[in-house]
Amino acid sequence: MDETPAVPVPVTVLTGFLGSGKTTLLNGLLRQPGLSDTAVLINEFGEVGLDHLLVDRLDERTVLLASGCVCCTIRTDLASAIASLLLRRDRGELPPFSRLLVETTGLADPAPILHTFAAEPMLAWRCRLQGVVTTVDAVHGAAQLARHFESVKQAAMADLIVVTKTDLADAGSLARLGRKLDRLNPGAERVDAVGGRLDAAKVLGLGLYDPASRSADVRRWLRDEALRPAPAEAAGGGGIGDAESVRGVDASRHGPSIHAFALTFDEPMDPDGLEQAMAMLTSVAGDAMLRVKGVVDVAGEGAVALHAVQHQTYPPVRLPRWPAHWDGGGEAPGSRRSRIVFIVRPPLTRDYVASAFAHFTSAPVG
């Protein structure tokens, strides 16, 4: 029997608020040789998983943790997912990997995630937490830090802060954001990244995460997690957008006001109508529209990735092909059904968003 101790797998946590460019950064990192042997665990907030379908290198080493936001579901879900990856790798059922990257939902509180790596025996034995990377949106980051405590904790707990979309922000906004980040986390290295361009060496060289070297607030947040009981098992199941029906959800993390839903469309969408619907929603209800992400079959163009954050819709990105394993929201593989995921807060509702799309695109909404 081989009793050689298993070599601990270095783990990097990639976090950042909704729409701050985590998936874009992840894609840019995974294209580089230094992270080619990396397994990826992607967590999403909402009833419909989508981010994992937009990761370029989608294979058996890319896993969607579909139990809701990892910071507020039962913490053993994260440990179980990682244990399964390691077991399948050790059995030769997966391509070999020597590093793990966990991309959190944009609403994740990093404290319970980091605590889980220290407190779960299997993770403490098989993994070594090696750095927290936080993306911060140069355009919306200052407002998000002022309004969302999750964003504050994400920045404060980082080893590396990646400021994204600097090409879209003016010098004054960048200076104000820089001062906020200096106050929150003066010890973190800070770099800019446009379009996901970041040297993987920045991530590979972060070293072990050391709670003792953090600010008093960070140390207190981690101590609080050690005292927080795991959420009780809740009856039922389903997505976190379904009013806390996920098993073990701790509703106090985000409150019941923020929720997610998806719109689906069976027919190709008119490009002008799609643009008009998004323009209306961002102008009228942008403050309540925290994040929009979708893959849309646009008439005459094919598969298009759609992205928006509050009042800003980014130029659609034409995809060279439909995402691997795309099921269009329930059909057999090969479907070209469009799907757009919204994360919103009141007063914005699914009915209002659906009516806007129905009016401008004339496409039946599912």
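Remember, it's a predicted structure, so these values are computed and weren't measured experimentally.
Put simply, CE on M289 and CG on L281 are 5.0 Å apart, with the number rounded to the nearest 0.5 Å. Taking OG1 of T135 as the reference point, atom NZ of K22 lies at 5.0 Å (rounded to 0.5 Å). For the atom pair CG of N185 and CG of L160, the computed distance is 10.0 Å after rounding to the nearest 0.5 Å. To the nearest 0.5 Å, the span separating SG on C127 from CE on M122 amounts to 6.0 Å. With rounding to the nearest 0.5 angstrom, the CG atom of L41 is 6.5 Å from the CG atom of L85. One distance of note links CG of L26 with CZ of R31; it measures 9.5 Å at 0.5 Å rounding.
Put simply, the side chain of L181 reaches to within 4.5 Å of the side chain of L145, judged on heavy atoms. Side-chain atoms of L35 and R99, non-hydrogen and from C-beta on, do get closer than 4.5 Å to each other. Within the 4.5 Å cutoff, no side-chain heavy atoms of V309 are placed close to those of L18. Looking at heavy atoms from C-beta onward, R291 lies out of side-chain contact with V341 at the 4.5 angstrom threshold. Annotation: side chain of V136 is not in contact with side chain of R190 (no heavy-atom distance under 4.5 Å). At least one side-chain heavy atom of H259 sits less than 4.5 Å from a side-chain heavy atom of V344. Between L168 and Y314, the closest side-chain pair of non-hydrogen atoms falls below 4.5 Å. Here the side chains of F97 and L86 are in contact, with some heavy-atom distance below 4.5 Å.
More than 12 heavy atoms of other residues, nucleotides or ligands shown are found within 6.0 angstrom of CD on Q312.
Here the closest non-hydrogen pair linking M278 and A308 is CE-CB, 3.7 Å. In terms of heavy atoms, R89 sits closest to P96 at CG-CA, 4.3 Å. A pairwise comparison of heavy atoms in I161 and A158 identifies CG1-CB, 3.8 Å as the closest pair. Heavy atoms only, all atoms of each residue included: T24 and G195 are closest at CG2-C, 3.7 Å. Summarising the geometry of A124 relative to A118, their closest heavy-atom pair is CB-O, 3.9 Å, with the distance given to 0.1 Å. Considering all non-hydrogen atoms of both residues, A285 and L348 come closest at CB-CD1, 3.6 Å.
Clustering ILVMFWY residues whenever any of their side-chain heavy atoms sit less than 4.5 angstrom apart, transitively, puts L198 in a cluster other than the one holding L174. Each of L87 and W125 belongs to its own hydrophobic cluster when Ile, Leu, Val, Met, Phe, Trp and Tyr are linked at side-chain heavy-atom distances under 4.5 angstrom. No single ILVMFWY cluster, assembled from side-chain heavy atoms under 4.5 Å apart, contains both I340 and V317.
The main-chain N or O of D159 is never found under 3.5 Å from a side-chain atom of Y209 such that the two would form a donor-acceptor pair. Listed for the T116 side chain is a donor-acceptor partner under 3.5 Å among the backbone atoms of P112. In this structure, the side chain of D137 does not engage the main chain of S20 through any donor-acceptor pair within 3.5 Å. For the pair H311 (side chain) and T282 (backbone), a donor-acceptor distance under 3.5 Å is present. Counting only distance, with no hydrogens or angles, the side chain of S84 and the backbone of A81 share no donor-acceptor pair below 3.5 Å. In terms of modelled atom types and a separation under 3.5 Å, the side chain of K165 and the main chain of V139 share no donor-acceptor contact. Checked by atom type and distance alone, the side chain of Q130 never pairs as donor or acceptor with a backbone atom of P10 at under 3.5 Å. At distances below 3.5 Å, at least one donor-acceptor pair connects side-chain atoms of Q154 with backbone N or O atoms of G106. No donor-acceptor distance shorter than 3.5 angstrom exists from the side chain of R197 to the backbone of G28, with no hydrogens or angles considered. Side-chain atoms of D167 do not come within 3.5 Å of backbone N or O of V194 as any donor-acceptor pair.
Residue pairs that meet the ring pair (Phe, Tyr, Trp, His ring centres under 6.0 Å) test with at least one member in residues 145-178, sequence neighbours left out, are F17-H148, F149-W221.
Salt bridge D287/R147: absent, no basic N to carboxylate O contact under 4.0 Å. In summary, D182 and R179 do not engage in a salt bridge, as defined by a charged side-chain N under 4.0 Å from a carboxylate O.
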Test side chain to side chain donor-acceptor pair (under 3.5 Å) applied to T15 and T104, step by step: CA-CA 5 Å; T15 189; T104 75; 3.0 Å; yes

Checking V292 against T313 for the side-chain contact (heavy atoms from CB on, under 4.5 Å) test, could you report, in this order, the C-alpha distance in whole Å, the side-chain angles of both residues, the deciding distance, and whether it holds? CA-CA 9 Å; V292 181; T313 298; over 6 Å; no

Could you walk me through whether R350 and L263 pass side-chain contact (heavy atoms from CB on, under 4.5 Å), step by step? CA-CA 8 Å; R350 185 188 189 282; L263 301 183; 3.7 Å; yes

Kindly determine whether R214 and L222 satisfy side-chain contact (heavy atoms from CB on, under 4.5 Å), including the steps that lead there. CA-CA 10 Å; R214 306 291 150 164; L222 292 172; 5.6 Å; no

Could you give me the CA-CA distance, side-chain angles and deciding distance for Q32 and L204, then say whether side-chain contact (heavy atoms from CB on, under 4.5 Å) is met? CA-CA 12 Å; Q32 300 178 50; L204 294 171; over 6 Å; no

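Of the candidates D297, L274, V298, V298 is the only one forming a side chain to side chain contact (heavy atoms under 4.5 Å, CB included) with V304.
Ring-centre distance between F265 and F357: below the 6.0 Å cut-off.
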